[in-house]
Protein chains: 2
Amino acid sequence: MAIRMTEQVYLVLLALADHPRHGYGVVQRVLELSDGAVRLSAGTLYGVLDRLTAAGWITESGEEVVDGRLRRYYRVTDDGAATLAAETARLESLTRRAAAVLRPGLAGA
Amino acid sequence: MAIRMTEQVYLVLLALADHPRHGYGVVQRVLELSDGAVRLSAGTLYGVLDRLTAAGWITESGEEVVDGRLRRYYRVTDDGAATLAAETARLESLTRRAAAVLRPGLAGA
DNA sequence: CTCATATATATCGCATCTCGATATATATCG
DNA sequence: CGATATATATCGAGATGCGATATATATGAG
């Protein structure tokens with residue numbers, strides 16, 4: 001299952017990078033990582049979670065009931081971690097290029 | 001006309017940042033900016049160009065016949081330039097966050 | 001007690017976006 | 001003569017985004 005590396009997919013992967021989280025926790029983490037700019041809607045969240053699971057980049061990682069509510073946890077797989085690292089490197093390279101285009105002559109161009 | 005800031009949209013905007021280019025020139029510039037990773041298909045290119053024009057972020061900038069073939073040029077508007085600068089800043093911030101998550105303790109975390 | 005909000009899950013369907021296929025045309029190189 | 005590169009553009013299938021909707025519990029305000 002090949003899925004498209006969209007920003008939403010990248011952000012969910014990044015949100016799960018440090019430790020397993022449940023869906024709602026992913027939304028909060030993405031909000032934090034994006035400085036409040038990206039609030040994943042429920043439709044987007046579960047769609048991405050399903051595709052990421054089908055791609056083998058994340059996997060379900062147990063359930064837990066907290067305050068009477070179910071939490072379903074997900075964690076990044078080795079494949080997912082490798083993909084995330086590669087995609088991060090690609091984005092860093094791209095932003096460096098972009099900076100050189102938009103702000104030329106600032107050392108590093 | 002609000003359009004979605006996808007990576008393809010961002011790349012076309014960035015490709016037009018330094019000076020006007022025609023469609024085919026945009027494809028080549030994006031290929032270069034992405035280190036050969038992103039080869040815009042014709043369908044994507046003209047779709048993005050149309051949406052970018054409708055959003056007022058780029059505008060047609062004359063035509064020219066070179067070697068018997070028509071070139072239709074596009075340039076970034078002030079609104080487009082502001083959007084591109086803001087989006088670049090957002091991406092830089094995001095990649096800094098990502099680096100801090102994936103490679104903690106490397107100064108700047 | 002009630003209502004709103006936050007937490008937490010999930011699905012549905014419309015709109016949007018991507019992208020290969022297709023079409024048309026000229027120039028170049030083998 | 002055919003393949004490849006340059007150059008435009010459209011079409012439609014499939015993928016993706018996201019608001020609306022549904023269900024359920026906990027908490028705090030009024």
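In what follows, chains are A, B, ... by sequence order, proteins preceding strands, each numbered from 1.
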Side-chain heavy-atom pair [X], [Y] within 4.5 angstrom cut-off:
X       : Y       : answer
B:Leu94 : A:Glu7  : yes
B:Tyr24 : B:Leu45 : no
A:Glu87 : A:Leu14 : no
B:Tyr74 : B:Leu52 : no
A:Leu84 : A:Trp57 : no

| message | Using a 4.0 Å cut-off to any heavy atom of chain B, which nucleotides of DNA chain D are the first and last in contact, reading 5' to 3'? | response | D:dA5 to D:dG17

| field | Option from A:Thr77, A:Val76, A:Thr53 for which side chain to side chain contact (heavy atoms under 4.5 Å, CB included) with A:Thr59 holds | value |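 Checked A:Thr77, A:Val76, A:Thr53 against A:Thr59; only one passes side chain to side chain contact (heavy atoms under 4.5 Å, CB included): A:Thr77.
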
| message | What is the separation between atom CD1 on B:Ile3 and atom P on C:dT16, rounded to the nearest whole Å? | response | 12 Å

| said: Nearest whole Å is fine: how far is C:dG20 P from B:Leu40 CG? | reply: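 These atoms are roughly 10 Å apart.
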
Which donor-acceptor pairs under 3.5 Å do the side chains of residues 30-42 of chain A make with protein atoms, sequence neighbours left out?
| residue | atom | partner | partner atom | Å |
| --- | --- | --- | --- | --- |
| A:Glu32 | OE2 | A:Arg29 | NH1 | 2.7 |
| A:Ser34 | OG | A:Val30 | O | 2.8 |
| A:Ser34 | OG | A:Leu31 | O | 3.4 |
| A:Ser34 | OG | A:Ala37 | N | 3.3 |
| A:Ser34 | OG | A:Val38 | N | 2.9 |
| A:Asp35 | OD1 | B:Arg97 | NH2 | 3.0 |
| A:Asp35 | OD2 | B:Ser93 | OG | 3.3 |
| A:Ser41 | OG | A:Thr44 | N | 3.4 |
| A:Ser41 | OG | A:Thr44 | OG1 | 3.1 |

| query | Between B:Thr6 and C:dT18, is there a side-chain N or O to OP1/OP2 distance below 4.0 Å? | reply | yes

| field | Of A:Arg4 and A:Gly23, the one whose closest DNA chain C nucleotide lies more 5' | value | A:Gly23

| query | Looking at residues at least two apart in the chain, or sitting in another chain, which of them share a side chain to side chain donor-acceptor pair (under 3.5 Å) with B:Glu60? | reply |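 Partners of B:Glu60 by the side chain to side chain donor-acceptor pair (under 3.5 Å) criterion come out as none, since no residue qualifies.
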
| Non-neighbouring partners of B:Arg69 that pass side chain to side chain donor-acceptor pair (under 3.5 Å), sequence neighbours left out |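 Testing B:Arg69 for side chain to side chain donor-acceptor pair (under 3.5 Å), a comparison that skips the adjacent residues, returns none.
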
| Given that A:Arg39 and A:Arg69 both sit by DNA chain D, which one's nearest nucleotide is further toward the 5' end? |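 The residue mapped nearer the 5' terminus is A:Arg39.
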
| side-chain hydrogen bond (donor to acceptor under 3.5 Å, both in side chains) between A:Arg71 and A:Tyr73, worked out | CA-CA 6 Å; A:Arg71 289 181 177 182; A:Tyr73 287 83; 3.3 Å; yes

Mind checking [X] for me? I need base, sugar-phosphate or nothing, with any heavy atom below 4.0 Å counting as a touch.
X       : answer
A:Gln28 : sugar-phosphate
A:Gly68 : sugar-phosphate
B:Val9  : nothing

| said: Is there a path of hydrophobic side-chain contacts, each under 4.5 Å between heavy atoms, that joins A:Leu70 and A:Val27? | reply: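 A:Leu70 does not cluster with A:Val27.
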
| note | Dot-bracket for DNA chain C, 5' to 3', Watson-Crick and G-U pairs with both distances under 3.5 Å, [ ] for crossing pairs, | for partner on another strand, reads ||||||||||||||||||||||||||||||

| remark: The correct set of residues in residues 50-67 of chain A placing a heavy atom under 4.0 Å from DNA chain C is none

